[in-house]
Amino acid sequence: MYRNKKLRIEFLENLITPFQLFNEFPISSDIAKHVKKSRKKIMSILSGKDERLLVIIGPCSIHDYYSVFEYAKMLSKLRSRYRNHLQIVMRAYFEKPRTVSGWKGLVLDPEINNSYLVNKGLRIARELLININQLGLPVATEFLDTTIFQYLSDLISWGSIGARTVESPIHRQMASALPFPIGFKNGTNGDINVAINAILSSRMKHVILNQDQYGKIKIYRTSGNKYGHIVMRGGKKPNYKKKFIEMTSYKLRKLKLPEKLLIDLSHGNCQKKFYQQMDVAKYVIDQLCSKKSQIFGVMAESFLIEGSQKIKNKKFLRYGQSITDPCLGWKDTEILLELLIEASKIRAEKYQKVKRTIC
Ligand SMILES: O=C[C@H](O)[C@H](O)COP(=O)(O)O
Ligand SMILES: C=C(OP(=O)(O)O)C(=O)O
């Protein structure tokens, strides 16, 4: 085995190229059209042309193909039923940023045993992304390793830069290259300014070093992404309440940035108590119904079975339950979406009334 004694590294194996993976799992023209359309719809919601509520929902992380695909099939039915009022996008998170250490997600370690079969992880992720999109369900993911986006981003409609990487220039620069809206989380300590700086930075052109389809490292100029926005995810304390929304809006307004906010019902906002996502949702719904709000969407963590389980041998894991943050179960997911659809309807009615009065 190759070891470079001058560096603290040990060679494991060659990474497949994006070209190899695209050949094994090509995107059909129908799926490409669906992704393009979904991105446009999210952009329209962000620019205020589309009044529907954006709902980004799904497991905290993906560790198993079958349970996630079962969840996707159930969610896609609700997406069709609620399409007039909600734009539902499924969370499919394959990379997990850790506060200190822990399982790094399906792409890095698909066997969940520190074997780091990254090529296998990429293949599973791409196949799953194709099949979820095939259901007509757009997909959201977090981009963590700056190499990975070349393999999967053609199948993504909304991306996230997480609370642990939002201050990283490299991640902001990567966001400036991505052709879809990006949600920047506030920092884990609750700092909003790091996310606002990320929005500003990702709107600019940058130069990045990255591989091409054949694995050759190139120097690229990015064109900037005008669809960056903030995701309020709380910190040590929640930040979904009115005073935080108003304060963040004010900061955005002063910088002439769109006053558009997405509320993460989970993470610091539910203080990792999964059921509190429902309480956060009820508060946000009140906000949505009471006046024309800056909130254009919400994010929730949900899976087939509520809660979470400890990581153990893959064979003994409970089917459909998170191995990272605890999630709402399917029943509560249905209830949550019903609540959100009511809020979206009330909001749309009010908006129509205002429009009619103006006319
Ligand atoms: O979203 C998942 C987790 O909150 C994130 O990966 C951090 O996890 P950790 O604090 O358990 O490492
Ligand atoms: C890791 C996540 O969130 P955050 O960066 O807000 O902790 C997540 O959404 O899975």
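Just so you know, ligand 1 is whichever comes first in the structure, and atom 1 is the first atom listed for that ligand.
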(request) Without swapping roles, check the side chain of Asn133 against the backbone of Leu155 for a donor-acceptor pair under 3.5 Å. (result)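 Present.
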
(request) List the steps and the verdict of side-chain hydrogen bond (donor to acceptor under 3.5 Å, both in side chains) for Asp30 and Ser28. (result) CA-CA 5 Å; Asp30 279 354; Ser28 67; 5.5 Å; no

(request) Name the closest protein heavy atom to atom 2 (C) of ligand 2, giving the residue it belongs to and the distance to 0.1 Å. (result)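 Residue, atom and distance for the closest contact: His267 NE2, 3.3 Å.
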
(message) Test of understanding: clusters of I, L, V, M, F, W, Y form through side-chain heavy atoms closer than 4.5 Å, transitively. Do Ile323 and Tyr319 belong to the same one?
(response)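 Yes, same cluster.
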
(message) Just checking Ile219: does its CD1 atom have more than 12 heavy atoms from other residues, nucleotides or ligands closer to it than 6.0 angstrom?
(response)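 Incorrect, the count does not exceed 12.
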
(message) Could you tell me if Arg253 sits above the aromatic ring of Tyr250, with its cationic atom closer than 6.0 Å to the ring centre and no more than 45 degrees from the axis?
(response)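 Judged by the rule, Arg253 and Tyr250 form no cation-pi pair.
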
Please identify which atoms of ligand 2 are closer than 4.0 Å to at least one heavy atom of [X].
{"X": "Tyr93", "result": "8 (C), 9 (O), 10 (O)"}
{"X": "Arg164", "result": "4 (P), 5 (O), 7 (O)"}
{"X": "Arg91", "result": "8 (C), 9 (O), 10 (O)"}
{"X": "Gly162", "result": "5 (O)"}

(message) Glu142 versus ligand 2: do any nitrogen or oxygen atoms come within less than 3.5 Å of each other?
(response)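 Among all N and O atoms of Glu142, none is under 3.5 Å from an N or O of ligand 2.
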
(request) Give yes or no for whether the N/O distance cutoff of 3.5 Å, strictly under, is met between Met299 and ligand 2. (result)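 No, no N or O pair falls under 3.5 Å.
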
(message) Are the side chains of Ile57 and Tyr71 in contact, using a 4.5 Å heavy-atom criterion?
(response)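 Of all side-chain heavy-atom pairs linking Ile57 with Tyr71, at least one is under 4.5 Å.
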
(message) For a 4.5 angstrom cut-off between non-hydrogen side-chain atoms, does Asp325 reach Ser308?
(response)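 No, their side chains stay 4.5 Å or more apart.
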
(message) Before you tell me yes or no, could you show the steps for Asn193 and Lys251 under side-chain hydrogen bond (donor to acceptor under 3.5 Å, both in side chains), namely the whole-Å CA-CA distance, both residues' side-chain angles and the distance that decides it to 0.1 Å?
(response) CA-CA 9 Å; Asn193 297 321; Lys251 288 186 176 191; 3.0 Å; yes

(message) Distance under 4.0 Å, heavy atoms only, partner ligand 1: which residues pass?
(response)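 Ligand 1 pocket, heavy atoms under 4.0 Å: Cys60, Lys96, Pro97, Arg98, Thr99, Arg164, His267, Lys272, Asp325.
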
(request) Could you grab the distance from atom CG of Asp212 to atom OG1 of Thr17, nearest 0.5 Å is fine? (result)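 Between Asp212 CG and Thr17 OG1, I get 9.0 Å after rounding to 0.5 Å.
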
